[in-house]
Chemist: 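Take this structure first; my questions come after.
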Amino acid sequence: QVQLVESGGGLVQAGGSLRLSCAASGRTFNSYTMGWFRQAPGKEREFVAAIKWSSGSTYYADSVRGRFTISRDNAKNTVALQMNSLKPEDTAVYYCAARYGLVVVTTTPGYNYWGQGTQVTISS
């Protein structure tokens, strides 16, 4: 059974940084694509970034490209999301997700497994 556990959320001022981490277990993830999504109050869950575990190839939503960096640590089986130059509109619950396969998908139905989410709040 795949388990994803996020950590690292919190409250920071605009312009600050946060690093989210997702601990993945239950599988060998070489054939998986890992993603980060976020959901703000009253809005749909949206794609933020994804990484192919085997190659490390990365993909970003336009709204975060250049500010966020997704990475994975093979030894620790973790996926990180480094978030810099944070804006109030980045406020949301951030979710880690995993899908079997190496085609990057940016919609929620494409992912098989989800973490419980971690709250990120950016004050202006």
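The structure presented is a predicted model; accordingly, all values stated were derived computationally and were not measured.
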Chemist: Determine, using the 4.5 Å side-chain heavy-atom cutoff (strictly less than), whether Trp53 and Tyr100 are members of one ILVMFWY cluster.
Modeler: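 Hydrophobic grouping puts Trp53 with Tyr100.
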
Chemist: Please find the pair of heavy atoms, one from Ala98 and one from Leu4, that lie closest to each other, and give the distance.
Modeler: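 Nearest heavy atoms, Ala98 then Leu4: N-CD1, 3.8 Å.
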
Chemist: Nearest 0.5 Å, what's the OG-CZ distance between Ser31 and Arg99?
Modeler: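 Answer for the OG-CZ pair, Ser31 versus Arg99, is 11.5 Å.
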
Chemist: In the single-linkage hydrophobic clustering (I, L, V, M, F, W, Y; side-chain heavy atoms under 4.5 Å), do Val79 and Val2 co-cluster?
Modeler: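 Yes, because Val79 and Val2 connect within a single hydrophobic cluster, where side-chain heavy atoms sit under 4.5 Å apart.
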
Chemist: From Leu18 CG over to Met83 CE, what is the distance, rounded to the nearest 0.5 angstrom?
Modeler: 4.5 Å

Chemist: Find out whether Arg38 and Val64 are in side-chain contact, i.e. whether some heavy atom of one side chain is under 4.5 Å from a heavy atom of the other.
Modeler: yes

Chemist: Quick one: CD on Gln82 to CD1 on Ile70, what's the gap to the nearest 0.5 Å?
Modeler: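 Spacing of CD (Gln82) from CD1 (Ile70) equals 12.5 Å.
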
Chemist: How long is the span from the OH atom in Tyr59 to the NZ atom in Lys52, to the nearest 0.5 Å?
Modeler: 3.5 Å

Chemist: Which heavy atom of Thr33 sits nearest a heavy atom of Ala50, and at what distance?
Modeler: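 Minimum heavy-atom contact is CG2-CB, 4.2 Å.
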
Chemist: Which heavy atom of Gly117 sits nearest to which heavy atom of Glu6, and what is that distance?
Modeler: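 Gly117 and Glu6 have their closest heavy atoms at N-OE1, 2.9 Å.
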
Chemist: For a quick test of reading the model, state the closest non-hydrogen atom pair linking Trp36 to Leu20 and the distance between them.
Modeler: CH2-CB, 3.7 Å

Chemist: Give the table of side-chain donor-acceptor pairs shorter than 3.5 Å for residues 21-30, with sequence neighbours excluded, one pair per line with atom names and distance.
Modeler:
unit_1 : atom_1 : unit_2 : atom_2 : d
Arg27  : NE     : Tyr32  : OH     : 3.4

Chemist: For Ser54, which residues count as a side-chain hydrogen bond (donor to acceptor under 3.5 Å, both in side chains) partner, sequence neighbours excluded?
Modeler: none

Chemist: Looking at every non-hydrogen atom in both residues, tell me the closest pair between Ser55 and Arg72 and how far apart they are.
Modeler: C-NH2, 3.8 Å

Chemist: Report yes or no: does Tyr113 contribute a side-chain atom to a donor-acceptor pair with the main-chain N or O of Gln1 at less than 3.5 Å?
Modeler: no

Chemist: Kindly indicate whether the side chain of Val120, heavy atoms from C-beta on, has any atom under 4.5 Å from the side chain of Ile122.
Modeler: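 The answer is yes, as the side chains (C-beta and beyond) meet within the 4.5 Å cut-off.
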
Chemist: Indicate the ring-plane relationship of Tyr94 and Phe68, choosing parallel, tilted or perpendicular according to the 30° and 60° boundaries.
Modeler: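 Rings of Tyr94 and Phe68: tilted, 30 to 60°.
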
Chemist: Does a side-chain heavy-atom distance below 4.5 Å link Val12 with Leu86?
Modeler: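 A side-chain contact under 4.5 Å exists here.
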
Chemist: Looking at every non-hydrogen atom in both residues, tell me the closest pair between Ala14 and Pro88 and how far apart they are.
Modeler: CB-CD, 4.1 Å

Chemist: Has the side chain of Gln13 got a donor or acceptor atom that lies under 3.5 Å from a matching backbone atom of Ser123?
Modeler: no

Chemist: Is it the case that one hydrophobic cluster holds both Met34 and Tyr111, taking links as side-chain heavy atoms less than 4.5 Å apart, direct or via other members?
Modeler: no

Chemist: A side-chain contact here means heavy atoms from C-beta on lying under 4.5 Å apart; do Tyr60 and Thr69 qualify?
Modeler: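 In short, these two side chains touch, coming nearer than 4.5 Å.
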
Chemist: How long is the straight-line distance from OH of Tyr95 back to CD of Glu46, given to the nearest 0.5 Å?
Modeler: 12.5 Å

Chemist: Check this for me: does any side-chain nitrogen of one of Asp62 and Arg65 sit under 4.0 Å from a carboxylate oxygen of the other?
Modeler: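 Salt bridge between Asp62 and Arg65, a charged N being under 4.0 Å from a carboxylate O: yes.
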
Chemist: Would you say that Lys87 contacts Ser63 through its side chain, given a criterion of any heavy-atom pair below 4.5 Å between the two side chains?
Modeler: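 Sidechains of Ser63 and Lys87: no contact.
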
Chemist: Count the heavy atoms of every other residue, nucleotide or ligand shown that sit under 6.0 Å from CD of Gln3, and state whether that count exceeds 12.
Modeler: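 Result for CD/Gln3: open.
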
Chemist: With rounding to the nearest 0.5 angstrom, report the CD to OG distance, Glu89 to Ser124.
Modeler: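 With rounding to 0.5 Å, CD (Glu89) is 10.0 Å from OG (Ser124).
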
